[in-house]
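The next block holds one structure in the form of structure tokens; read it before the comments.
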Amino acid sequence: MEIASFNVNSIRARLHAVPLWLSEAKPDIVCLQELKTVDADFPAELFEELGYNIALHGQKSYNGVAVLSKFPFEEINMRLPGDDSDEQARYLEVVVTGKRGPVRVSSIYLPNGNPAPGLKYDYKLDWMARLRKHARKLLSYEEPLILCGDYNVIQSEHDVHDAALWANDALYLPQTRAAFRALINLGLTSAFDQIDRRAHQYTYWGYQGGARPKNHGIRIDHLLCSGQAIDHLKSIRIDEHIRDREKPSDHVPIIGDFDL
DNA sequence: ATGGTCGCGTAGCGA
């Protein structure tokens, strides 16, 4: 079972790029982030034609997450618990049945948090605390769990071209990285980090200043796995090449292959 | 260097 995470930066702006990549990579499950559209304007037929079931939590202009799956959904949860007043569509959790039984997969668009300090950074840290609490509950099920998404966290200096340029950014502040480690320390393993120990393997290059040709990227997209999932990880890759195509997202997909 | 990212939605914010 191949499971991918892809922040598309507007699904309507990616009507060519996303189906093209899907037709090549053929992942079984794809977690999408930053749809930037309401459900009614989501191009569902495009993905149904490629054989995917769709779980969708859209939002006007900002945010929006989805899961495309070749397996039928046994369960769909649209919200991250912990704040009923939170209107932002940043979390979508599904359960499918693999060959060994249930597999739980979440699509996560963690808040950016800039500028920091400020209300947006407070929201980011609060959201991370809520995610940690929810992940602790999901881990108690002792089943394959894969939390996919754009975490908007640069874990270390090895995940950025020049860490000094990010020193005061919400993606790299010590408090941000501590909150991410606290999530990992519940017992999650980053699929990429388990297999590929090379530094400077990026998943995002901004549109400005020739960041892609200069390889000034950051690695902020991850598949975080429970023990029951990581024990069945076969391989993982970043499809970096599609960043160089026509009208690309600023992120590229990360795809893990699990024997599940 | 006179410009220099995109996307949404049509000004200015978010990333």
Side-chain angles (χ1 to χ4, degrees), chain A residues 5-21 31-44 46 56-66 80 86-92 107-128 131 148-155 159-173 175-177 179-180 202-222 238-254:
Chain A
S5 184
F6 190 6
N7 179 322
V8 295
N9 185 21
S10 169
I11 193 66
R12 286 178 291 159
R14 240 49 80 193
L15 294 180
H16 176 71
V18 174
L20 176 60
W21 173 73
C31 297
L32 300 175
Q33 299 92 32
E34 272 208 272
L35 304 176
K36 294 186 170 180
T37 188
V38 293
D39 291 4
D41 292 334
F42 184 86
L46 222 48
L56 183 58
H57 188 188
Q59 187 176 329
K60 183 182 164 67
S61 304
Y62 304 111
N63 311 314
V65 285
L80 180 65
D86 186 0
E87 300 289 333
Q88 301 191 26
R90 296 179 173 276
Y91 185 87
L92 178 53
S107 182
I108 290 169
Y109 179 43
L110 203 143
N112 175 292
N114 281 303
L119 290 174
K120 288 183 178 168
Y121 192 57
D122 295 342
Y123 175 67
K124 176 175 195 157
L125 293 177
D126 184 61
W127 208 96
M128 293 181 84
L131 179 60
C148 304
D150 173 3
Y151 282 82
N152 269 315
V153 174
I154 301 167
Q155 279 183 279
D159 301 304
V160 55
H161 166 254
D162 184 354
L165 297 175
W166 293 80
N168 299 312
D169 193 283
L171 277 64
Y172 193 65
L173 285 171
Q175 216 177 339
T176 305
R177 286 182 280 148
F180 188 77
Y202 306 134
T203 62
Y204 166 95
W205 297 259
Y207 292 121
Q208 297 186 52
R212 172 60 185 167
K214 293 177 189 166
N215 198 25
H216 292 181
I218 53 179
R219 186 164 68 99
I220 56 177
D221 299 271
H222 299 278
I238 297 169
D239 275 353
E240 176 176 331
H241 62 284
I242 74 164
R243 183 63 179 78
D244 299 316
R245 292 181 172 172
E246 288 290 310
K247 223 169 144 54
S249 172
D250 41 7
H251 294 249
V252 296
I254 176 167

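Just so it is clear: chains get the letters A, B, ... in the order the sequence lines come, proteins before strands, and each one is counted from 1.
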*For residues 108-121 of chain A, which residues have at least one heavy atom under 4.0 Å from DNA chain B?*
A/Y109, A/N112, A/K120
*A/R14 side chain near B/dC8 phosphate (N/O to OP1/OP2, under 4.0 Å)*: no
*Where is the tightest heavy-atom contact between A/Q59 and A/E87, given as atom of each residue plus distance?*
OE1-O, 3.5 Å
*Indicate, with a heavy-atom threshold strictly under 4.0 Å, whether A/R212 touches base, sugar-phosphate, or nothing.*
nothing
_Measuring from the side chain of A/Y62 (C-beta onward, heavy atoms only), which nucleotide among B/dC13, B/dT5, B/dG9 has the closest atom?_
B/dC13
*Tell me which nucleotide among B/dG9, B/dG14, B/dT5 gets nearest to the side chain of A/Q208.*
B/dT5
*Hey, are A/R90 and A/E34 close enough for a salt bridge, meaning a charged N less than 4.0 Å from a carboxylate O?*
no
_Which nucleotide in B/dA15, B/dC13, B/dG9 has an atom nearest any side-chain atom of A/E34_ = B/dA15
*Reckon A/K247 has a side-chain N or O less than 4.0 Å from the OP1 or OP2 of B/dG7?*
yes
_With rounding to the closest Å, how many angstrom separate the P atoms on B/dC13 and B/dG9?_
16 Å
*Within the structure shown, what part of the strands sits under 4.0 Å from A/G209 by heavy-atom distance: base, sugar-phosphate, or nothing?*
sugar-phosphate
*asked:* Would the distance check show the side chain of A/K60 and the main-chain N or O of A/V38 forming a donor-acceptor pair, the cut-off being under 3.5 Å?
replied: no
*asked:* Measuring only the C1' atom in each nucleotide, how far is B/dA11 from B/dG7? A whole number of Å is fine.
replied: 13 Å
*Can you sort out the partners of A/Y62 under ring pair (Phe, Tyr, Trp, His ring centres under 6.0 Å), two or more places apart, ordered by chain and number?*
none
*Rounded to the nearest angstrom, tell me the gap between atom CG in A/N63 and atom P in B/dC13.*
17 Å
*Among the candidates B/dA15, B/dC8, B/dG9, find the nucleotide nearest to the side-chain atoms of A/K36.*
B/dC8
_According to ring pair (Phe, Tyr, Trp, His ring centres under 6.0 Å), who are the partners of A/H57, at least two apart in sequence or on a separate chain?_
none
*Take atom P in B/dG14 and the same atom in B/dT10, then report the distance between them in whole Å.*
15 Å
*Mark yes or no for whether A/T203, through its side chain, and A/D221, through its backbone, hold a donor-acceptor pair below 3.5 Å.*
yes
